[in-house]
Amino acid sequence: MTSPVSGQFPGVRPRRLRQSAALRVLVAETRLSAHQLVLPLFARPGRKLRREVAAMPGVFQLSPDELLKEAARAYAAGVHAVLLFGIPDKKDAKASGAYARNGIVQQTVRLLKKELPTSLVITDVCLCEYMEHGHCGVVRRDAHGARVLNDASLKLLAQTAASHAEAGADLVAPSDMMDGRVRAIRERLDADGFAETPILSYAAKFASAFYGPFREAAESAPKFGDRRSYQMDPANAREALREVALDIQEGADIVMVKPALACLDVIHRVKAEFGYPTAAYSVSAEYSMIKAAAAKGWIDERAVTLESLLAMRRAGADILVTYAAVDVARWLKES
Ligand code: PBG
């Protein structure tokens with residue numbers, strides 16, 4: 001590599017460009033904008049329901065009417081994209097609630113697209129919230145224990161995605177990590193007349209301890225075992241690139257890396273290698289850790305949140321999924 005600087009001190013003085021706020025902002029390589037933000041929201045059946053998630057202050061399980069209000073508030077603050085999760089009343093062994101025509105996500109999507117038609121509604125496509133065992137696919141028990149079946153899960157995932165599209169979802173976002181699910185979903189969407197519905201795939205999703213608080217929010221913790229037979233080992237970056245390559249071959253339009261802060265290297269390599277629209281999911285524990293430390297007065301919530309998101313942008317993320325999206329949009333407006 002040729003040297004990025006010609007000359008040396010005292011001719012070269014990097015501090016020259018750091019002297020004033022106006023100068024610093026002029027040479028900033030990376031910027032944050034509300035246009036990059038996606039707000040995750042949790043829908044559950046009911047009316048006038050706002051149940052705060054204990055480990056995620058400021059995040060609520062919401063009935064569809066309340067979720068609409070929250071989405072409208074976000075929209076007014078400049079956050080025009082939401083990512084929906086559903087918590088059904090009943091769970092079973094085939095995740096019926098995930099693809100029910102009038103399931104909680106399907107209902108909420110219809111309401112949002114009717115009342116807030118210019119908002120972008122993305123739906124998380126997974127089975128864990130709807131399965132009685134809390135796994136992201138179909139489980140078979142035999143003499144050797146329980147296994148999450150890949151191919152049997154694909155049909156249910158494809159059906160779920162199609163039912164979200166039918167309800168009006170603008171994008172579908174599979175997060176299950178079964179092999180071949182992007183292709184299964186693409187084929188099903190095309191067959192059902194939704195060839196124009198893009199897929200945002202959670203392409204490189206690690207089996208991460210940073211999802212802890214989410215499982216309380218979505219009531220989706222596995223009842224036995226863990227997700228390491230389908231989500232990726234945090235030790236692996238080259239495997240993450242293969243996962244992303246496969247998803248792109250199968251038809252993913254946007255690829256996501258998750259978690260974000262612990263995977264900045266992966267975000268960087270994915271963007272550099274493929275140049276695809278790339279999303280980073282700043283997951284539940286990233287949010288909870290900042291909230292908890294800020295509540296104790298140990299860190300500056302706003303500064304730490306903005307710096308974290310800026311780091312994801314610098315790594316290569318185009319799209320930032322964050323529970324702090326509305327605060328962030330307000331902070332950006334103020335500054
Ligand atoms: C569902 C799903 C999870 C998250 C997003 N989609 C949980 C998991 O895989 O256990 C995590 C999001 C977060 O922690 O904020 N499969």
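Each ligand, and each atom within it, is numbered from 1 in the order the structure gives.
In terms of N/O distances under 3.5 Å, ligand 1 is not approached by Glu129. Polar contact check, Ser220 against ligand 1: no nitrogen or oxygen pair lies under 3.5 Å apart.
Looking at atom 14 (O) of ligand 1, its nearest protein heavy atom turns out to be Ser284 OG, 2.7 Å. Of the protein's non-hydrogen atoms, Arg227 NE, 3.5 Å is the one closest to atom 8 (C) of ligand 1.
For the pair Leu23/Arg18, no side-chain contact is recorded, criterion being any heavy-atom separation below 4.5 Å from C-beta on. Side-chain contact check for Phe210 versus Ser284: every heavy-atom pair is 4.5 Å or farther apart.
Near Lys205, meaning under 4.0 Å from one of its heavy atoms, ligand 1 places the atoms 1 (C), 2 (C), 3 (C), 6 (N), 8 (C), 9 (O), 16 (N). Heavy-atom contacts of Ser175 reach the following atoms of ligand 1: 1 (C), 2 (C), 6 (N), 16 (N) (cutoff under 4.0 Å). Atom numbering of ligand 1 starts at 1 in the shown order; those under 4.0 Å from a heavy atom of Arg215 are 8 (C), 10 (O). For ligand 1, the atoms closer than 4.0 angstrom to any heavy atom of Lys258 are 2 (C), 3 (C), 4 (C), 5 (C), 6 (N), 11 (C), 12 (C). Under a 4.0 Å criterion applied to the non-hydrogen atoms of Asp124, ligand 1 contributes the atoms 6 (N). The atoms of ligand 1 that sit less than 4.0 Å from any heavy atom of Cys136 are 16 (N). The atoms of ligand 1 that sit less than 4.0 Å from any heavy atom of Gln231 are 8 (C), 9 (O). Heavy-atom proximity to Tyr323, at under 4.0 Å, picks out these atoms of ligand 1: 12 (C), 13 (C), 15 (O).
Residue contact check for ligand 1: Phe85 places a non-hydrogen atom closer than 4.0 Å to it. Not a single heavy atom of Met177 sits less than 4.0 Å from an atom of ligand 1.
In this structure a side-chain-to-backbone donor-acceptor pair under 3.5 Å is missing from Asn236 to Arg238. Although no hydrogens or angles enter the test, the distance criterion places a donor-acceptor pair under 3.5 Å between the side chain of His133 and the main chain of His135. A donor-acceptor pair under 3.5 Å is absent between the side-chain atoms of Arg147 and the main chain of Arg140, judged by distance alone. Asp192 places no side-chain N or O within 3.5 Å of a backbone atom of Phe194 that could act as its donor or acceptor partner.
Between Glu129 and Arg44, none of the side-chain N atoms (NZ, or NE/NH1/NH2) sits under 4.0 Å from a carboxylate O, so this pair counts as no salt bridge. In this structure, Arg181 does not pair ionically with Glu250, as no charged nitrogen and carboxylate oxygen lie closer than 4.0 Å.
The nearest non-hydrogen atom to atom 3 (C) of ligand 1, considering only Tyr202, Phe214, Tyr211, Phe206, comes from Phe214.
A donor atom on one side chain and an acceptor atom on the other are not found under 3.5 Å apart for Tyr202 and Asp176.
Atom CD of Gln231 sits about 4.5 Å away from atom NZ of Lys205, to the nearest 0.5 Å.
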